Amino acid sequence: MTTLTEAGAAFALHRNPNPASDAVRAKALSDLKFGTVFTDHMARVTWTREGGWADRRVEPYGPLSLDPAAAVLHYAQEVFEGLKAYKHADGSIWLFRPDANAERFQASARRLALPELPSEDFLGSIEALVAVDRAWVPDADESSLYLRPFMFASEAFIGVRPAHVIDYLLIASPVGPYFTTGVKPVSIWVAQGFHRAGPGGTGAAKTGGNYASSLVPQSVAYQNGCQQVLFTDAATDTYLEELGGMNLFLVRKDGTVETPRLSGTILEGITRHSVLRLLEDQDVKVVERDISLAELREGAADGDVAEVFACGTAAVLTPVARLKGPSFDVTVGHETAGGGAGEGTAGEVTTRIRRELMDIQYGRAADPYGWMRRIG
Ligand SMILES: *Cc1c(COP(=O)(O)O)cnc(C)c1O
């Protein structure tokens, strides 16, 4: 057990008088799903216009008491983050690029007219929560403790203006491998008539509203036998942007890797950035540019696009085997996809980068970039 840094020690601990018993926790950790089980505590900081950030604490996990007029319930003034704590073979606990999450949290907050949480508080809250709930960090293969920092307008006021009272919270959920039966390629539905974000909107911020607007097209995707939805740009309906919560990559037959450029309507994934970095250092040609849906369809159909994958913290890298819309249905990677459409295995580049990234995260490989930060 490591001692807390000053930032972590700033959080006063109010212990849960009724934590889960060892047996209950062991049972929960033996059957991990995504985001259904939470640890015994949560971290919290409150901001007021007069006093700034204050009252740093770790308290029992539980329901919030919120005034029905709390602004977030009416105007969705909120932002969030997502990252994981990984247990290494020696029992130590690590985060992957948490400074990038802290910075993105601040950038999202600026766009939503929310106060910026200092990075020390972002990292300190994680350190303090993981220290008290350390027994909840799973050690099974590919499992981790998913961390969800978020802040919202808690002021009771239903006029439209930035709120004067804000709550920051951090909750944690032990999660297993995103794919319980190994990495399975997914089918994606290309949204028609729906957009996730528009020019000047909030697409580059990690905010709930972007997800709310993605739910209807996401259910259309399900109805069409697809697990994920892919959005095109709102201005021209021509260029690929991203999935509901993951960034998109293409691997050409000649080995070139392409991904949509950051247009202001795409969320800049930390996984996306890390994948680009790994590929560049392997002398793979990587191109960030506008990629049209027509190009992807043609490339997938004639085999010039050999692999497609999506990436994000939750699932790391997810191979895409099939692309569907009302008027088309193409399979990606003819050589590697065995079985029926939507089955098959991940492509070579997808598999390799996924493994390399996870080897760094789980401490099985060296970390030449200094991406990992030990917190316990
Ligand atoms: C969080 C998120 C991603 C992935 O970001 P990571 O930092 O890689 O987890 C991609 N798109 C959207 C819309 C997101 O909210």
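Bear in mind that the values here come from a model prediction, so they are computed numbers and not experimental data. By convention here, the first residue in the shown sequence is residue 1. We count ligands from 1, going down the list as the structure has it; atoms in each ligand are counted the same way.
At least one N or O atom of Thr271 sits closer than 3.5 Å to an N or O atom of ligand 1.
Heavy atoms of Gly245 come nearer than 4.0 angstrom to ligand 1 in at least one pair. Within the structure, the closest approach of Gly244 to ligand 1 falls below 4.0 Å when heavy atoms are considered. Look at Arg196 and you'll find a heavy atom under 4.0 Å from some atom of ligand 1. Using a non-hydrogen distance threshold of 4.0 Å, His273 does not register as a contact of ligand 1.
Closest to atom 15 (O) of ligand 1 among all protein heavy atoms lies Tyr211 OH, 2.5 Å. Nearest protein neighbour of atom 2 (C) of ligand 1, counting heavy atoms only, is Lys206 NZ, 2.6 Å. In terms of protein heavy atoms, atom 9 (O) of ligand 1 is closest to Thr313 OG1, 2.6 Å.
There is no side-chain donor-acceptor pair under 3.5 Å between Asp233 and Thr265. Side-chain contact check for Ser125 and Tyr168: at least one donor-acceptor pair (N or O, by modelled atom type) lies under 3.5 Å. No donor-acceptor contact under 3.5 angstrom links the side chains of Thr207 and Arg111, judged on distance only.
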Subject >> side-chain hydrogen bond (donor to acceptor under 3.5 Å, both in side chains) evaluation trace for Thr46 with Arg57 >> reply: CA-CA 9 Å; Thr46 304; Arg57 65 237 193 242; 3.2 Å; yes
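In this structure, Arg297 is positioned above the aromatic face of Phe328, its NZ or CZ under 6.0 Å from the six-membered ring centre and within 45° of the axis.
Residues Trp371 and Phe96 place their aromatic rings such that the two centres sit under 6.0 Å apart.
With a 4.0 Å cut-off on non-hydrogen atoms, Glu242 touches ligand 1 through its side chain and not its backbone.
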